[in-house]
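Count residues from 1 along the sequence.
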Amino acid sequence: MNNQRCANNFKELAEMFYNHNFGQASKQEIEIFMFHAYMDGLREDKKTITDYTISKKLGITQQRVRNLRIKENLVYGLNVDWKKELVRCISNARYEDPFIVMDIPDPNVLLEVKNYLEENGKYADTRINKRLLSIRVEFFMDLSMEVDSEKTAKEIFKSLVTKIKRDEKYNTIDLKPIVSAQGLVEAGVAVSSIICNLAEIVSPDNMVIKVLNHLMLK
(Lines give C-alpha, C1' and ligand atoms only; values in the text may rest on other atoms or scores of the structure.)
Protein backbone atom coordinates (compact mmCIF):
# COMPACT_ATOMS: atom_id res chain seq x y z
CA MET A 1 0.00 0.00 0.00
CA ASN A 2 1.58 3.29 -1.11
CA ASN A 3 2.01 6.36 1.11
CA GLN A 4 -0.74 8.41 -0.57
CA ARG A 5 -3.25 5.60 -0.14
CA CYS A 6 -2.28 5.21 3.51
CA ALA A 7 -2.69 8.95 4.06
CA ASN A 8 -6.14 8.94 2.43
CA ASN A 9 -7.22 5.98 4.54
CA PHE A 10 -6.05 7.65 7.75
CA LYS A 11 -7.90 10.85 6.81
CA GLU A 12 -11.16 8.91 6.32
CA LEU A 13 -10.63 7.01 9.56
CA ALA A 14 -9.92 10.25 11.46
CA GLU A 15 -13.16 11.75 10.14
CA MET A 16 -15.04 8.84 11.72
CA PHE A 17 -13.70 10.02 15.11
CA TYR A 18 -13.29 13.78 14.88
CA ASN A 19 -16.42 14.90 13.05
CA HIS A 20 -18.61 15.23 16.18
CA ASN A 21 -18.38 11.47 16.46
CA PHE A 22 -15.49 10.70 18.80
CA GLY A 23 -15.78 7.20 20.21
CA GLN A 24 -19.15 6.62 18.56
CA ALA A 25 -17.98 4.34 15.73
CA SER A 26 -18.50 0.69 16.60
CA LYS A 27 -15.79 -1.95 16.40
CA GLN A 28 -17.61 -3.52 13.44
CA GLU A 29 -17.76 -0.20 11.54
CA ILE A 30 -14.01 0.28 12.00
CA GLU A 31 -13.27 -3.32 10.94
CA ILE A 32 -15.37 -2.97 7.79
CA PHE A 33 -13.66 0.33 6.97
CA MET A 34 -10.19 -1.19 7.43
CA PHE A 35 -11.15 -4.26 5.37
CA HIS A 36 -12.51 -1.97 2.64
CA ALA A 37 -9.25 0.00 2.61
CA TYR A 38 -7.26 -3.24 2.36
CA MET A 39 -9.42 -4.64 -0.47
CA ASP A 40 -9.36 -1.29 -2.31
CA GLY A 41 -5.58 -1.53 -2.37
CA LEU A 42 -5.79 -4.99 -3.93
CA ARG A 43 -8.34 -3.82 -6.48
CA GLU A 44 -6.26 -0.78 -7.45
CA ASP A 45 -3.24 -3.03 -7.90
CA LYS A 46 -5.45 -5.38 -9.97
CA LYS A 47 -4.44 -8.28 -7.76
CA THR A 48 -6.60 -11.39 -7.57
CA ILE A 49 -6.05 -12.91 -4.14
CA THR A 50 -7.93 -15.87 -2.72
CA ASP A 51 -9.92 -15.87 0.50
CA TYR A 52 -7.29 -18.23 1.90
CA THR A 53 -4.43 -15.79 1.19
CA ILE A 54 -6.40 -12.89 2.70
CA SER A 55 -7.29 -14.98 5.76
CA LYS A 56 -3.60 -15.80 6.33
CA LYS A 57 -2.60 -12.16 5.86
CA LEU A 58 -5.26 -10.87 8.27
CA GLY A 59 -5.20 -13.81 10.69
CA ILE A 60 -8.92 -14.60 10.36
CA THR A 61 -10.93 -17.51 8.95
CA GLN A 62 -11.88 -17.78 5.28
CA GLN A 63 -15.55 -17.67 6.26
CA ARG A 64 -14.99 -14.36 8.04
CA VAL A 65 -13.26 -13.03 4.93
CA ARG A 66 -16.34 -13.93 2.87
CA ASN A 67 -18.65 -12.32 5.42
CA LEU A 68 -16.54 -9.14 5.37
CA ARG A 69 -16.65 -9.08 1.57
CA ILE A 70 -20.46 -9.11 1.69
CA LYS A 71 -20.63 -6.48 4.45
CA GLU A 72 -18.16 -4.27 2.55
CA ASN A 73 -20.46 -4.36 -0.48
CA LEU A 74 -23.52 -3.53 1.63
CA VAL A 75 -21.82 -0.55 3.30
CA TYR A 76 -19.80 0.87 0.40
CA GLY A 77 -21.93 -0.24 -2.57
CA LEU A 78 -19.24 -1.80 -4.71
CA ASN A 79 -19.88 -1.75 -8.44
CA VAL A 80 -19.92 -5.52 -8.96
CA ASP A 81 -19.93 -6.36 -12.68
CA TRP A 82 -21.38 -9.85 -12.18
CA LYS A 83 -21.70 -10.53 -15.91
CA LYS A 84 -18.00 -9.89 -16.50
CA GLU A 85 -17.02 -11.93 -13.44
CA LEU A 86 -19.31 -14.81 -14.42
CA VAL A 87 -17.59 -15.00 -17.80
CA ARG A 88 -14.21 -14.93 -16.05
CA CYS A 89 -15.20 -17.92 -13.88
CA ILE A 90 -16.86 -19.93 -16.64
CA SER A 91 -13.76 -21.96 -17.53
CA ASN A 92 -14.14 -24.06 -14.34
CA ALA A 93 -17.77 -25.03 -15.07
CA ARG A 94 -18.79 -28.69 -15.35
CA TYR A 95 -21.96 -30.54 -16.25
CA GLU A 96 -23.73 -32.63 -13.62
CA ASP A 97 -27.10 -33.57 -15.14
CA PRO A 98 -29.31 -31.50 -15.06
CA PHE A 99 -27.06 -28.76 -13.64
CA ILE A 100 -24.11 -26.67 -14.70
CA VAL A 101 -21.86 -26.37 -11.64
CA MET A 102 -19.22 -23.68 -11.31
CA ASP A 103 -16.99 -22.18 -8.64
CA ILE A 104 -17.51 -18.44 -8.03
CA PRO A 105 -14.94 -17.24 -5.47
CA ASP A 106 -16.39 -13.74 -4.92
CA PRO A 107 -19.52 -14.04 -2.72
CA ASN A 108 -20.89 -10.73 -4.06
CA VAL A 109 -20.78 -12.01 -7.66
CA LEU A 110 -22.49 -15.22 -6.55
CA LEU A 111 -25.23 -13.24 -4.80
CA GLU A 112 -25.72 -11.01 -7.86
CA VAL A 113 -26.12 -14.06 -10.15
CA LYS A 114 -28.60 -15.65 -7.74
CA ASN A 115 -30.51 -12.37 -7.53
CA TYR A 116 -30.72 -12.11 -11.33
CA LEU A 117 -32.07 -15.66 -11.55
CA GLU A 118 -34.60 -15.13 -8.75
CA GLU A 119 -35.83 -11.85 -10.24
CA ASN A 120 -36.53 -13.77 -13.46
CA GLY A 121 -38.38 -16.66 -11.83
CA LYS A 122 -35.40 -19.00 -11.73
CA TYR A 123 -33.16 -20.35 -8.99
CA ALA A 124 -29.66 -21.61 -8.20
CA ASP A 125 -28.48 -23.99 -5.51
CA THR A 126 -25.55 -23.34 -3.15
CA ARG A 127 -26.45 -25.75 -0.35
CA ILE A 128 -23.56 -28.18 -0.88
CA ASN A 129 -20.79 -25.57 -1.00
CA LYS A 130 -21.18 -21.81 -0.56
CA ARG A 131 -18.72 -21.17 -3.41
CA LEU A 132 -20.30 -23.64 -5.85
CA LEU A 133 -23.26 -22.44 -7.87
CA SER A 134 -25.52 -25.12 -9.39
CA ILE A 135 -27.75 -23.83 -12.18
CA ARG A 136 -30.17 -25.83 -14.30
CA VAL A 137 -29.05 -26.05 -17.94
CA GLU A 138 -32.09 -24.15 -19.25
CA PHE A 139 -31.39 -21.30 -16.79
CA PHE A 140 -27.76 -21.27 -17.85
CA MET A 141 -28.82 -20.84 -21.49
CA ASP A 142 -30.76 -17.73 -20.46
CA LEU A 143 -27.61 -16.48 -18.71
CA SER A 144 -25.62 -16.97 -21.93
CA MET A 145 -27.97 -14.52 -23.66
CA GLU A 146 -27.85 -12.02 -20.77
CA VAL A 147 -24.03 -11.71 -20.75
CA ASP A 148 -23.57 -11.28 -24.50
CA SER A 149 -21.28 -8.37 -25.37
CA GLU A 150 -22.97 -7.27 -28.61
CA LYS A 151 -26.68 -8.09 -28.49
CA THR A 152 -29.40 -7.83 -25.87
CA ALA A 153 -31.02 -10.95 -24.47
CA LYS A 154 -34.31 -9.97 -26.16
CA GLU A 155 -32.63 -9.64 -29.56
CA ILE A 156 -30.93 -13.01 -29.19
CA PHE A 157 -34.08 -14.76 -28.02
CA LYS A 158 -36.11 -13.29 -30.90
CA SER A 159 -33.56 -14.68 -33.37
CA LEU A 160 -33.55 -18.00 -31.52
CA VAL A 161 -37.33 -18.38 -31.79
CA THR A 162 -37.17 -17.50 -35.50
CA LYS A 163 -34.61 -20.25 -36.14
CA ILE A 164 -36.55 -22.84 -34.10
CA LYS A 165 -39.75 -22.04 -36.03
CA ARG A 166 -37.95 -23.14 -39.20
CA ASP A 167 -37.34 -26.60 -37.72
CA GLU A 168 -40.09 -28.98 -38.83
CA LYS A 169 -39.84 -30.91 -35.55
CA TYR A 170 -41.31 -27.95 -33.68
CA ASN A 171 -44.07 -26.86 -36.09
CA THR A 172 -46.80 -27.85 -33.63
CA ILE A 173 -45.40 -25.82 -30.70
CA ASP A 174 -46.90 -22.39 -30.06
CA LEU A 175 -43.80 -20.27 -29.46
CA LYS A 176 -45.55 -16.89 -29.12
CA PRO A 177 -46.05 -16.95 -25.32
CA ILE A 178 -42.54 -18.29 -24.62
CA VAL A 179 -39.99 -15.73 -23.41
CA SER A 180 -37.00 -17.80 -22.22
CA ALA A 181 -34.89 -20.89 -22.90
CA GLN A 182 -36.55 -22.39 -19.85
CA GLY A 183 -39.92 -21.97 -21.57
CA LEU A 184 -38.62 -23.57 -24.76
CA VAL A 185 -37.39 -26.64 -22.89
CA GLU A 186 -40.68 -26.95 -21.01
CA ALA A 187 -42.53 -26.74 -24.35
CA GLY A 188 -40.53 -29.67 -25.73
CA VAL A 189 -37.65 -28.08 -27.63
CA ALA A 190 -34.49 -30.16 -27.24
CA VAL A 191 -31.66 -28.60 -25.22
CA SER A 192 -29.20 -29.55 -27.99
CA SER A 193 -31.27 -27.64 -30.57
CA ILE A 194 -31.35 -24.51 -28.40
CA ILE A 195 -27.60 -24.60 -27.75
CA CYS A 196 -26.69 -25.19 -31.40
CA ASN A 197 -28.91 -22.33 -32.54
CA LEU A 198 -27.64 -20.00 -29.81
CA ALA A 199 -24.05 -20.72 -30.85
CA GLU A 200 -24.89 -19.33 -34.30
CA ILE A 201 -26.64 -16.22 -32.94
CA VAL A 202 -24.57 -14.87 -30.04
CA SER A 203 -21.41 -12.85 -30.50
CA PRO A 204 -18.19 -14.79 -31.28
CA ASP A 205 -16.68 -13.88 -27.90
CA ASN A 206 -19.60 -15.28 -25.85
CA MET A 207 -17.63 -17.68 -23.64
CA VAL A 208 -20.70 -18.85 -21.73
CA ILE A 209 -22.35 -20.45 -24.76
CA LYS A 210 -18.97 -21.77 -25.96
CA VAL A 211 -18.40 -23.60 -22.66
CA LEU A 212 -22.04 -24.75 -22.55
CA ASN A 213 -21.72 -26.04 -26.11
CA HIS A 214 -18.56 -27.94 -25.13
CA LEU A 215 -20.04 -29.41 -21.93
CA MET A 216 -23.38 -30.47 -23.35
CA LEU A 217 -22.55 -31.55 -26.90
CA LYS A 218 -19.09 -33.08 -26.60
Side-chain angles (χ1 to χ4, degrees), residues 48 73 77-126 131-218:
T48 301
N73 187 31
L78 305 180
N79 185 20
V80 180
D81 189 343
W82 68 266
K83 296 178 183 179
K84 180 179 178 181
E85 290 302 310
L86 179 72
V87 171
R88 197 170 64 84
C89 297
I90 194 67
S91 60
N92 66 50
R94 63 181 185 273
Y95 177 55
E96 294 182 3
D97 190 18
F99 297 100
I100 300 295
V101 181
M102 59 186 298
D103 178 39
I104 302 182
D106 188 330
N108 292 307
V109 173
L110 189 144
L111 289 172
E112 290 286 350
V113 174
K114 287 186 68 177
N115 181 62
Y116 162 78
L117 292 169
E118 290 168 4
E119 284 185 341
N120 289 275
K122 303 171 178 60
Y123 64 88
D125 189 4
T126 56
R131 282 176 47 136
L132 290 181
L133 192 68
S134 298
I135 309 173
R136 291 189 65 87
V137 172
E138 56 267 37
F139 301 165
F140 209 79
M141 289 188 286
D142 286 323
L143 274 177
S144 74
M145 292 183 264
E146 188 64 33
V147 303
D148 197 77
S149 63
E150 296 178 3
K151 304 173 185 176
T152 67
K154 286 185 177 180
E155 290 172 334
I156 296 170
F157 189 76
K158 184 178 179 180
S159 299
L160 175 62
V161 170
T162 300
K163 289 176 74 67
I164 290 174
K165 281 180 178 177
R166 296 176 188 153
D167 194 324
E168 294 181 358
K169 297 195 296 289
Y170 307 120
N171 280 343
T172 59
I173 299 177
D174 181 12
L175 298 176
K176 286 184 179 178
I178 300 174
V179 296
S180 65
Q182 174 190 0
L184 292 173
V185 172
E186 291 172 351
V189 180
V191 168
S192 57
S193 293
I194 299 173
I195 293 175
C196 287
N197 282 311
L198 278 176
E200 296 175 2
I201 298 168
V202 299
S203 62
D205 65 350
N206 190 314
M207 290 303 299
V208 176
I209 198 63
K210 283 183 180 180
V211 169
L212 190 57
N213 196 5
H214 172 72
L215 292 174
M216 299 296 300
L217 306 180
K218 63 181 178 180

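The two residues A181 and M141 have their closest heavy-atom pair at CB-CB, 3.8 Å. When all heavy atoms of G121 and Q182 are compared, the closest pair comes out as O-OE1, 4.4 Å.
To the nearest 0.5 Å, the span separating CG on L110 from CG on D103 amounts to 9.0 Å. To the nearest 0.5 Å, atom CD1 of residue I201 and atom OG of residue S159 are 5.0 Å apart. From I100, atom CD1 reaches atom OH of Y95 across 7.0 Å, with rounding to the nearest 0.5 Å. Interatomic distance, CG of L160 versus OG of S180, reported as 10.5 Å (0.5 Å rounding). Taking CG of L133 as the reference point, atom CZ of F140 lies at 8.5 Å (rounded to 0.5 Å). A distance of 4.0 Å separates CG of D148 from CD1 of I156, quoted to the nearest 0.5 Å.
In summary, E155 and K158 do not engage in a salt bridge, as defined by a charged side-chain N under 4.0 Å from a carboxylate O. By the 4.0 Å N-to-carboxylate-O rule, D174 lies too far from K176 to be salt-bridged with it.
For the pair D167 (side chain) and K169 (backbone), a donor-acceptor distance under 3.5 Å is present. At least one donor-acceptor pair under 3.5 Å links the side chain of N197 to the backbone N or O of S193. With K210 contributing its side chain and P204 its backbone, the two residues share a donor-acceptor pair below 3.5 Å. With K154 contributing its side chain and T152 its backbone, the two residues share no donor-acceptor pair below 3.5 Å. Judged by distance alone, the side chain of N206 and the main-chain N or O of S144 form a donor-acceptor pair under 3.5 Å.
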*Is there a side-chain contact (heavy atoms from CB on, under 4.5 Å) between F157 and I178 once you walk through the steps?*
CA-CA 10 Å; F157 189 76; I178 300 174; 4.0 Å; yes
*Stepwise, does the side-chain contact (heavy atoms from CB on, under 4.5 Å) test hold for K114 with T126?*
CA-CA 9 Å; K114 287 186 68 177; T126 56; 3.5 Å; yes
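Contact annotation: the side chain of M102 never approaches that of V211 to less than 4.5 Å [non-hydrogen atoms, C-beta and beyond]. The closest side-chain heavy-atom distance from D142 to L117 is not below 4.5 Å.
Considering L86, V202, V147, I90 as possible partners of M207, the one that fulfils the side chain to side chain contact (heavy atoms under 4.5 Å, CB included) test is I90.
Not counting sequence neighbours, the partners of F139 by the ring-ring contact (aromatic ring centres under 6.0 Å, His included) test are Y123.
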